[in-house]
Chemist: 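Quick one: the structure is below, questions incoming.
Order of the sequence lines sets the chain letters (A, B, ...), proteins ahead of strands, with each chain counted from 1.
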There are 2 protein chains.
Amino acid sequence: MNKKKEKDPGEEPYLKVLRPLVETYFAFLRKEEPHIKTLGLTPAQFDVIATLGDTEGMSTCQLSDETLVTKGTLTGVLDRLEKMGLIERVYTEKDRRQIIIRLTKEGVKCFERVFPDQIYFLKPYFENALGKAEMETLRGLLLKLKESFEKG
Amino acid sequence: MNKKKEKDPGEEPYLKVLRPLVETYFAFLRKEEPHIKTLGLTPAQFDVIATLGDTEGMSTCQLSDETLVTKGTLTGVLDRLEKMGLIERVYTEKDRRQIIIRLTKEGVKCFERVFPDQIYFLKPYFENALGKAEMETLRGLLLKLKESFEKG
DNA sequence: TATTGTTATACTCTATAACTATA
DNA sequence: TATAGTTATAGAGTATAACAATA
């Protein structure tokens, strides 16, 4: 989605950041995607598992907000994950319209397998590119930018 | 795809970069996506248009490499874009297996409308977050990281 | 034989809107 | 009325493998 060309950024200095941001993410994705696929998950499914990981679960609405998956679509995605035994729907008493989605034991295992795996896999790309101080700087700048998008 | 939780990055300093990278890109995407939709393009279609923009066109194979869209899928995406009149298939003499995909006049107009539009739309998020020197730094670090992914 | 692009299949995601059951 | 989640529909993207034409 939207890898801009390296054309002359002209008078807009911020384009000098936008394109590298998008292109770096895409370069990352090219490594990441085949790796996710070996887990037998689609990107949307992976998104849900990653969002639920390290939480006590959340409602469908909340899950829809936190991922980029709309409510109607989510039902289908959850159906498949439920069939795979990775998530469960928990019915609550206090509001009987609401359903809490959370990882099953199997789902937690999946989540916990993914990340150490990924850590090992991705590490060299970062460490070959950047020193420790640079990582710290990069982190700080990215977080500032992220915040700006989120509050704007 | 893959928004990691803000859990303790532990002993792996590079995770302090990976998560902000992914999350910043997602924050950007949340702004970008609705904006693309107003153009009547899907993300995959937008990807193709953006990749073809400012080029003389390229073969289907090449286009498949530059986007994240596989060869078989691309046929369908191109069919739809051709029907919309945004791209055309040009048959070449030198290798009659190959077809060059390029933007039509209409496609170029679309491409040229998108970007100034986007520039105007996205600008404040960057400028409110970062000074000019910070942008320069961020750009440099991102490009180093990108290169590492691409050559690794 | 290898490569380019298309076709075929089967599944997943997507948006949207209407629907139900609760509140 | 409003909200939470499901269902229904139609379209689009996805991977994969087999295929025809060309090299």
Side-chain angles (χ1 to χ4, degrees), chain A residues 1-2 29-30 32-52 57-84 86-102, chain B residues 1-2 29-30 32-52 57-84 86-102:
Chain A
M1 209 158 317
N2 183 20
L29 203 57
R30 270 174 215 275
E32 164 95 328
E33 223 165 40
H35 192 246
I36 290 176
K37 256 198 332 210
T38 65
L39 303 164
L41 297 175
T42 66
Q45 288 165 2
F46 183 80
D47 196 358
V48 168
I49 298 288
T51 303
L52 289 175
M58 58 187 78
S59 71
T60 302
C61 263
Q62 213 180 330
L63 191 52
S64 170
D65 282 346
E66 300 229 5
T67 58
L68 290 173
V69 180
T70 53
K71 205 169 64 147
T73 304
L74 202 48
T75 299
V77 176
L78 294 177
D79 286 347
R80 275 162 234 127
L81 286 172
E82 195 175 28
K83 205 147 58 173
M84 295 184 220
L86 298 179
I87 62 113
E88 60 190 346
R89 290 172 156 104
V90 183
Y91 298 81
T92 58
E93 273 310 303
K94 64 172 184 182
D95 183 341
R96 291 204 314 221
R97 290 172 306 183
Q98 243 188 213
I99 299 176
I100 299 300
I101 312 296
R102 67 174 184 214
Chain B
M1 209 156 317
N2 183 19
L29 202 58
R30 271 174 214 274
E32 165 95 328
E33 223 163 40
H35 191 245
I36 291 176
K37 258 200 327 211
T38 65
L39 303 164
L41 296 175
T42 66
Q45 289 165 3
F46 183 81
D47 196 358
V48 168
I49 299 287
T51 303
L52 289 175
M58 59 188 78
S59 71
T60 303
C61 263
Q62 213 181 328
L63 191 53
S64 170
D65 281 347
E66 300 229 4
T67 58
L68 289 173
V69 180
T70 53
K71 206 169 64 147
T73 305
L74 203 49
T75 299
V77 175
L78 293 177
D79 286 347
R80 275 161 232 127
L81 286 172
E82 195 175 28
K83 204 147 63 174
M84 295 184 217
L86 298 179
I87 61 113
E88 60 190 346
R89 290 172 156 106
V90 182
Y91 297 80
T92 58
E93 273 308 305
K94 64 172 183 182
D95 183 341
R96 291 202 315 218
R97 289 171 307 184
Q98 245 188 210
I99 299 175
I100 299 301
I101 312 296
R102 67 176 186 212

Chemist: For B/T75, enumerate each residue passing the side chain to side chain contact (heavy atoms under 4.5 Å, CB included) test, keeping only those at least two apart in sequence or located in another chain.
Modeler: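 Scan of B/T75 (side chain to side chain contact (heavy atoms under 4.5 Å, CB included), adjacent residues dropped) gives B/D79, B/R89.
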Chemist: Identify each atom pair where a protein N or O and an N or O of nucleotides 16-23 of chain C are less than 3.5 Å apart, giving names and distance.
Modeler:
{"from": "C/dA23", "atom 1": "OP1", "to": "A/R96", "atom 2": "N", "distance (Å)": "2.9"}

Chemist: Could you state the CG-C1' distance from B/L68 to D/dA12, rounded to the nearest angstrom?
Modeler: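 Value for this atom pair: 17 Å.
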Chemist: Nearest whole Å is fine: how far is D/dA20 C1' from B/Y91 OH?
Modeler: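 After rounding, the gap between these two atoms is 14 Å.
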Chemist: For the residue pair A/T42 and A/V77, establish whether any side-chain heavy-atom pair is separated by less than 4.5 Å.
Modeler: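 No - every pair of side-chain heavy atoms lies 4.5 Å or more apart.
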Chemist: For A/L78 and C/dC13, give me the distance from atom CG to atom C1', rounded to whole Å.
Modeler: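 Distance check: A/L78 CG to C/dC13 C1' gives 13 Å.
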Chemist: Could you tell me the separation between the CD1 atom of A/I36 and the P atom of D/dT14, rounded to a whole number of Å?
Modeler: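 Rounded to the whole Å, the gap is 14 Å.
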Chemist: Answer with base, sugar-phosphate or nothing: what part of the nucleic acid does B/T42 contact at a heavy-atom distance below 4.0 Å?
Modeler: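 Counting heavy atoms under 4.0 Å across all strands, the contact made by B/T42 is with sugar-phosphate only.
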Chemist: Taking CD1 from B/I101 and C1' from C/dT6, how many angstroms apart are they, rounded to a whole number?
Modeler: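 Distance check: B/I101 CD1 to C/dT6 C1' gives 12 Å.
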Chemist: Who pairs with A/R96 by salt bridge (charged side-chain N to carboxylate O under 4.0 Å, His left out), at least two apart in sequence or on another chain?
Modeler: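 Residues passing salt bridge (charged side-chain N to carboxylate O under 4.0 Å, His left out) with A/R96: none at all.
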Chemist: Under the side chain to side chain contact (heavy atoms under 4.5 Å, CB included) rule, collect the residues that match up with B/E88, sequence neighbours excluded.
Modeler: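 Here the qualifying residues are B/V90, B/R102, B/T104.
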Chemist: Please report the distance, rounded to the nearest Å, between CG in A/L29 and P in D/dT14.
Modeler: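 To the nearest whole Å, that distance equals 11 Å.
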Chemist: Quick one: label A/T60 by what it contacts on the DNA or RNA (base, sugar-phosphate, nothing), any heavy atom closer than 4.0 Å.
Modeler: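 Counting heavy atoms under 4.0 Å across all strands, the contact made by A/T60 is with sugar-phosphate only.
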Chemist: Rounded to whole Å, how long is the line connecting atom CD of B/Q98 with atom P of C/dA2?
Modeler: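 Whole-Å distance recorded here is 19 Å.
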Chemist: Can you name the residues that form a side chain to side chain donor-acceptor pair (under 3.5 Å) with B/S59, not counting sequence neighbours?
Modeler: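 With neighbours one apart ignored, the set is empty.
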Chemist: If you compare every side-chain N and O of A/Q45 against the phosphate oxygens of C/dC13 (OP1, OP2), does one of them come in below 4.0 Å?
Modeler: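 Yes, A/Q45 has a side-chain N/O under 4.0 Å of OP1/OP2 on C/dC13.
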Chemist: Sequence neighbours excluded, which residues qualify as side chain to side chain contact (heavy atoms under 4.5 Å, CB included) partners of B/D95?
Modeler: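 Listed in chain order: B/R97, B/Q98.
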